[in-house]
Amino acid sequence: MKLATFNINGIKARIEALPAWLSEAKPDVVCLQEIKSVDEAFPREVFEDMGYRVETHGMKSFNGVAILSKLPLEDVARGLPGDDSDEQARWIEATVIGTRAVRVCGLYLPNGNPAPGPKYDYKLAWMARMEARVRALLATEEPVVFCGDYNVIPQAEDAAKPAAWAEDALFLPETRAAFRRIVNLGLTDAFRAVNQNAGHYSFWDYQAGAWERNNGIRIDHLLLSPQCADLLSDCRIDKAVRGLEKPSDHVPVWIELDA
DNA sequence: ATGGTCGACACTCGA
């Protein structure tokens with residue numbers, strides 16, 4: 001099973017680039033972030049015609065997540081538990097039925113800037129809710145993937161210029177500590193399990209020639225439960241996608257599972 | 001040090 005995460009920064013803007021990447025990379029499952037679309041406006045037929053089931057959890061203008069899958073999906077759930085007043089569309093779950101059943105959680109973690117402030121408070125509260133959801137799913141002792149745009153730079157080696165991010169919500173010590181609390185529940189960072197080298201990024205800002213200077217950060221992650229990590233055979237970042245026509249500011253990251 | 005780019009939408013906000 002090839003499973004990818006991809007922050008597309010708007011489905012309408014990526015209506016050519018996303019199908020092109022799907023045709024080339026042929027993932028079985030893709031978690032999308034920042035679809036920036038309500039469910040009714042998502043162009044599901046484009047992907048259904050390519051053999052994908054389509055499950056969306058969108059909202060007007062901002063955020064929004066989705067799962068595309070060539071494999072059957074069961075028990076689709078929308079929204080991160082823990083705050084009924086939270087109306088932001090940032091979490092979707094489904095069980096993918098391959099040779100093994102894998103619970104897949106697609107997430108778009110809040111950016112949190114400017115920090116400090118209410119947006120940063122929301123980020124930290126959201127991460128606490130995610131920690132609770134991870135605990136609950138780990139208790140099932142089934143293969144689970146938590147993938148998406150975490151808006152977290154885990155370590156200095158995950159940024160070309162870490163000093164530039166010192167005051168940023170993506171790299172503040174409190175952000176990284178909250179991320180570690182989640183990982184330390186027993187999750188495996190799939191990319192780091194396969195590649196321990198610095199200098200691998202998943203996001204390059206549109207501004208200031210960040211791509212041309214390779215001024216990137218690694219913020220798109222696939223975290224695996226122990227039972228899922230046992231199935232991991234590969235993890236790669238499709239860096240070249242950033243250099244194609246009309247790219248997102250993020251690139252796809254994918255894993256191969258024996259499932 | 002500063003300003004720089006996109007996407008969605010309707011003018012400015014979010015990233």
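Letters go in sequence order (proteins before strands), and every chain restarts at 1.
A/N63 places its CG atom 12 Å from the C1' atom of B/dC13, with the value rounded to the nearest Å. The separation between A/D168 atom CG and B/dG14 atom C1' is 14 Å, rounded to whole Å. Atom CD1 of A/I8 and atom P of B/dG14 are 20 Å apart (whole Å). If you take CG of A/N151 and P of B/dG14, they are 14 Å apart, rounded to a whole angstrom. As rounded to whole Å, 14 Å separates atom C1' of B/dG14 from atom NZ of A/K123. For the pair A/L18 CG and B/dG7 P, the computed distance is 14 Å after rounding to whole Å. Between A/D205 atom CG and B/dG14 atom P the separation is 17 Å, expressed in whole Å. If you take OH of A/Y206 and P of B/dC13, they are 20 Å apart, rounded to a whole angstrom.
Closest to the A/K12 side chain, of the nucleotides B/dA8, B/dG14, B/dG4, is B/dA8. In this structure, the nucleotide among B/dT5, B/dA15, B/dA8 sitting nearest to the side chain of A/A13 is B/dA8. The side chain of A/R14 lies closest to B/dG7, out of B/dG14, B/dG7, B/dA10. When the nucleotides B/dG14, B/dA15, B/dG3 are ranked by their closest atom to the side chain of A/Y108, B/dA15 comes out on top.
Nearest-nucleotide assignment on DNA chain B puts the 5′-proximal partner with A/A208, out of A/A208 and A/I11.
Taking atom P in both B/dA1 and B/dT12, the straight-line distance is 31 Å, to the nearest Å. Taking the C1' atom of each, B/dA10 and B/dG14 are spaced 15 Å apart, rounded to whole Å.
With 3.5 Å as the limit, one finds a donor-acceptor pair spanning the side chains of A/Q33 and A/T5.
Side-chain N/O atoms of A/K36 include none lying less than 4.0 angstrom from OP1 or OP2 on B/dC6.
Within a 6.0 Å radius of CD in A/E245, no more than 12 heavy atoms belonging to other residues, nucleotides or ligands are found. Heavy atoms from other residues, nucleotides or ligands lying under 6.0 Å from CZ of A/R53 number more than 12.
Although no hydrogens or angles enter the test, the distance criterion places no donor-acceptor pair under 3.5 Å between the side chain of A/D49 and the main chain of A/V46.
Nearest approach of A/D249 to A/Y206, heavy atoms of both residues: N-OH, 3.2 Å.
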